[in-house]
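Residue indices begin at 1 and follow the sequence shown. When a ligand or atom number is given, it counts from 1 through the structure's own listing order.
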Amino acid sequence: MRNSFYVTTPIYYPSGKFHIGTAYTEVLADSIKRYKQLRGYDAYMLTGLDEHGQKVETVAKSRGLTPKEHVDEIADYAKKLWALMDIDYDDFIRTTDERHEKAVEKIVNKFIENGDIYKGEYEGWYCMPCETYFTESQLVDGKCPDCGREVKKMTEESYFFNMKKYEDRLIKFYEENPGFVQPEFRKNEIFSNFIKPGLEDLCISRTTFDWGIKMPNDPKHVLYVWVDALTNYITALGYMSDDDTLFKKYWPADLHIVGKDIIRFHGIYWPIFLMALGLEIPKEIYAHGYIVMKDGKMSKSKGNTVQPEMLVERYGVDATKYFLLRELTFGQDMVFTPEGFVERLNADLSNDLGNLLNRTIGMINKYFDGIIPEKQKDNENEIDKNLENYTNEQLIKIEELLDTYHISNGLMEIWAIIARTNKYIDETMPWSLAKEENKERLSIVMYNLAENLRKIAILITPFLPKTANKMFIQLGITNSEQKTWDSIKNATIESGVKVIEKGEPLFVRLEKDVEIEYIRNNMK
Ligand code: ME8
């Protein structure tokens, strides 16, 4: 049986249209799923929406809709957007799904049976947009530490989850699983800011709004956010339902991908809920950084929001994905600029990759009537061997980086192979070999170029699947055994196969000023 791999994204609030930050999380999860699949795993990806809560109730009202009408509309939009972005998720969970609501009630009942929940009075500083209470000491300049907005002092009757009861177990878990939260600096933040000072019990119910799952023992209380939201990762697999086949197969999750804003909830409350349920804890939580603009966060009021559909419709899905995956390095924030976007696409996609393919296909057509020449390993010289050794060494590095989800660095190393292969053309000067009628050298060089392009196409498959496919077609590769990850090492491109006569460029070169203007004018 193949090893399973379960990756999740956060379930997003359906407050409005998504921006490229949300799209990044989705693209990252999708590319990791595809990478794992290519490495032979039975990979499963979950995404969805977090549909309850006061904020949704308020937004729906302002639009003259019921909350259900509003969330249905956004769910529809989200599914269309992810289809446009070629996101290969396996399940889309909505917290209003009956399967979720039923399972959550059972989960809460289990907490009640365990004695994990008690009724109390909550007084705290509440941030409405974040739906989170903060203690006095957590506020930054008297404002919400997460979003910087005003907070309100509130007191209400609430149910609490007894987090303190699990504190020692949580600390022990972290000691035994030092890699649980990535990057490490995020783990250290959680530790020094929240675990070391002592855990606060978590308020899990509200009486001030309606749009949510009722507390089973006390229906005037509505569950709010984290019990309802975090449990999606298990309810989607059928936990506590009649059919828990998927749960048995995929739990514990291999990777929860989240933004840095919600790492605290995933790093503290989620493991504790799972301990309370007697379930295994996920293997890893990866918190990526934020996409910000030069003038701070993207926001509709500033009109600086970049919507993914705008980029995809004009530049294509693979180019947009590549930009996002390449520009956000492990756990760090990234400042989006139209200049950076256009430059990255021109340099890496149109120049480096596009030209390498174009030049190679052109030369194979010109010198060998489009037929990939015979492989002649015995006649290779130092330059050829250098290229091969370099590529093999890179592959080891790339696997290490991708296995630890350092996607941007992995892409950088893949592009180093592209650069090295372009350099090989300069070193071997095929045009001079043609002039000298040195057919033997020329055929070795063409073979090696085609072979490296095959390897490159495989390496980019999880990240730029459409582009990889176009490359295979242009190179005349139809045999699926030539496209597997293992075939990078275990196979070589077939000789005698015909490449395309005139390939379309993979990426058109962008007119810099025009495109910068275009992106700027289309921010919302
Ligand atoms: O927090 N850059 O939902 P949410 C990068 N419902 N990623 C960004 C981003 C940005 N500027 N802005 C948002 C919630 N994200 C809860 C989650 S999970 C059980 C419940 C991404 O709609 C990032 O992944 O506020 C972040 O964690 C998520 O969207 C927050 O989405």
Side-chain angles (χ1 to χ4, degrees), residues 7-30 32 46-56 59 71 74-75 77-78 81-82 87 92-96 100 104 107 127-132 144 146-149 181 186 204 212 223-236 253 255-271 273-274 282 285-300 302 304-308 323-325 327-336 408 523:
V7 59
T8 67
T9 70
I11 47 171
Y12 312 106
Y13 291 126
S15 17
K17 286 201 157 184
F18 296 146
H19 54 54
I20 49 169
T22 324
Y24 169 65
T25 314
E26 210 62 22
V27 165
L28 181 65
D30 169 73
I32 290 173
L46 175 70
T47 191
L49 292 180
D50 189 357
E51 300 187 348
H52 293 128
Q54 188 159 20
K55 205 162 60 172
V56 172
V59 174
V71 294
I74 303 279
Y77 155 79
L81 178 62
W82 301 151
I87 305 294
F92 189 103
I93 183 141
R94 302 175 53 183
T95 50
T96 54
H100 178 75
V104 168
I107 287 169
C127 174
M128 286 263 282
C130 297
E131 296 193 33
T132 312
C144 170
D146 286 347
C147 75
R149 282 178 275 208
V181 167
R186 292 270 170 235
I204 60 159
L223 275 180
Y224 92 95
V225 72
W226 293 105
V227 175
D228 181 7
L230 289 163
T231 50
N232 89 88
Y233 302 129
I234 51 178
T235 62
L255 180 64
H256 287 315
I257 297 179
V258 297
K260 63 177 185 179
D261 53 330
I262 51 174
I263 186 64
R264 168 158 71 101
F265 306 103
H266 286 76
I268 297 176
Y269 304 147
W270 185 223
F273 289 157
L274 290 166
I285 300 174
Y286 168 57
H288 66 69
Y290 252 42
I291 301 179
V292 292
M293 306 304 281
K294 268 192 186 147
D295 52 352
K297 276 196 166 187
M298 278 183 270
S299 80
K300 294 213 177 87
K302 284 190 204 155
N304 66 353
T305 299
V306 183
Q307 287 179 348
F323 172 80
L324 294 172
L325 292 171
E327 291 285 326
L328 276 114
T329 47
F330 201 70
Q332 302 297 321
D333 287 351
M334 182 267 274
V335 179
F336 178 92
S408 169
M523 290 184 187

When you compare ligand 1 with His266, is there at least one nitrogen or oxygen pair between them that comes in under 3.5 angstrom? no
Hey, does Gly259 come in under 3.5 Å of ligand 1, counting only N/O atoms on both sides? yes
To which protein heavy atom is [atom] closest, and what is the distance rounded to 0.1 Å?
| atom | answer |
| --- | --- |
| atom 25 (O) of ligand 1 | Tyr13 CD1, 3.5 Å |
| atom 31 (O) of ligand 1 | Tyr12 CD2, 3.7 Å |
| atom 11 (N) of ligand 1 | Ile291 O, 3.0 Å |
| atom 1 (O) of ligand 1 | Ile262 CG2, 3.5 Å |
| atom 19 (C) of ligand 1 | Tyr233 OH, 3.4 Å |
| atom 20 (C) of ligand 1 | Ile11 O, 3.4 Å |

Taking non-hydrogen atoms only, is [X] closer than 4.0 angstrom to ligand 1 via side chain, backbone, both or neither?
| X | result |
| --- | --- |
| Asp261 | side chain |
| His288 | side chain |
| Phe18 | neither |
| Tyr24 | neither |
| Lys297 | neither |

Can you tell me if Trp226 has a non-hydrogen atom under 4.0 Å from ligand 1? yes
Tell me which one of Thr25, Ile20, Leu230 gets a heavy atom nearest to atom 21 (C) of ligand 1. Thr25
Please state which option from Gly21, Pro14, Ser15, Gly16 has its nearest heavy atom closest to atom 8 (C) of ligand 1. Gly21
Atoms of ligand 1, numbered as shown, that sit under 4.0 Å from any heavy atom of [X]:
| X | result |
| --- | --- |
| His19 | 9 (C), 10 (C), 11 (N), 12 (N), 13 (C) |
| Asp50 | 6 (N), 16 (C), 20 (C) |
| Ala229 | 19 (C) |
| Gly289 | 5 (C) |

Exercise: identify the closest heavy-atom pair between [X] and [Y]:
| X | Y | value |
| --- | --- | --- |
| Leu230 | Trp270 | O-CH2, 3.4 Å |
| Lys297 | Asn304 | O-ND2, 3.2 Å |
| Tyr24 | Ile291 | CB-CD1, 4.0 Å |
| Ala229 | Ile11 | O-CD1, 3.6 Å |
| Ala75 | Glu51 | CB-OE2, 4.1 Å |

Should the pair Phe265 and Trp226 be assigned to parallel (<30°), tilted (30 to 60°) or perpendicular (>60°) ring geometry? parallel
Quick one, Leu255 and Ile32 - any side-chain contact, counting heavy atoms below 4.5 Å? yes
Are Trp82 and Phe18 close enough that their ring centres sit under 6.0 Å apart? yes
Test of ring centre spacing under 6.0 Å for Tyr233 and His266: yes
Can a side-chain donor-acceptor contact be found between Glu26 and Thr47 if the only test is distance below 3.5 angstrom? yes
Against Val104, only a single residue in Asn232, Thr95, Thr231, Ile234 fulfils side chain to side chain contact (heavy atoms under 4.5 Å, CB included); can you say which? Thr231
Using side chain to side chain contact (heavy atoms under 4.5 Å, CB included) as the criterion, list what pairs up with Ala253, not counting sequence neighbours. Tyr6, Trp251, His256, Pro282
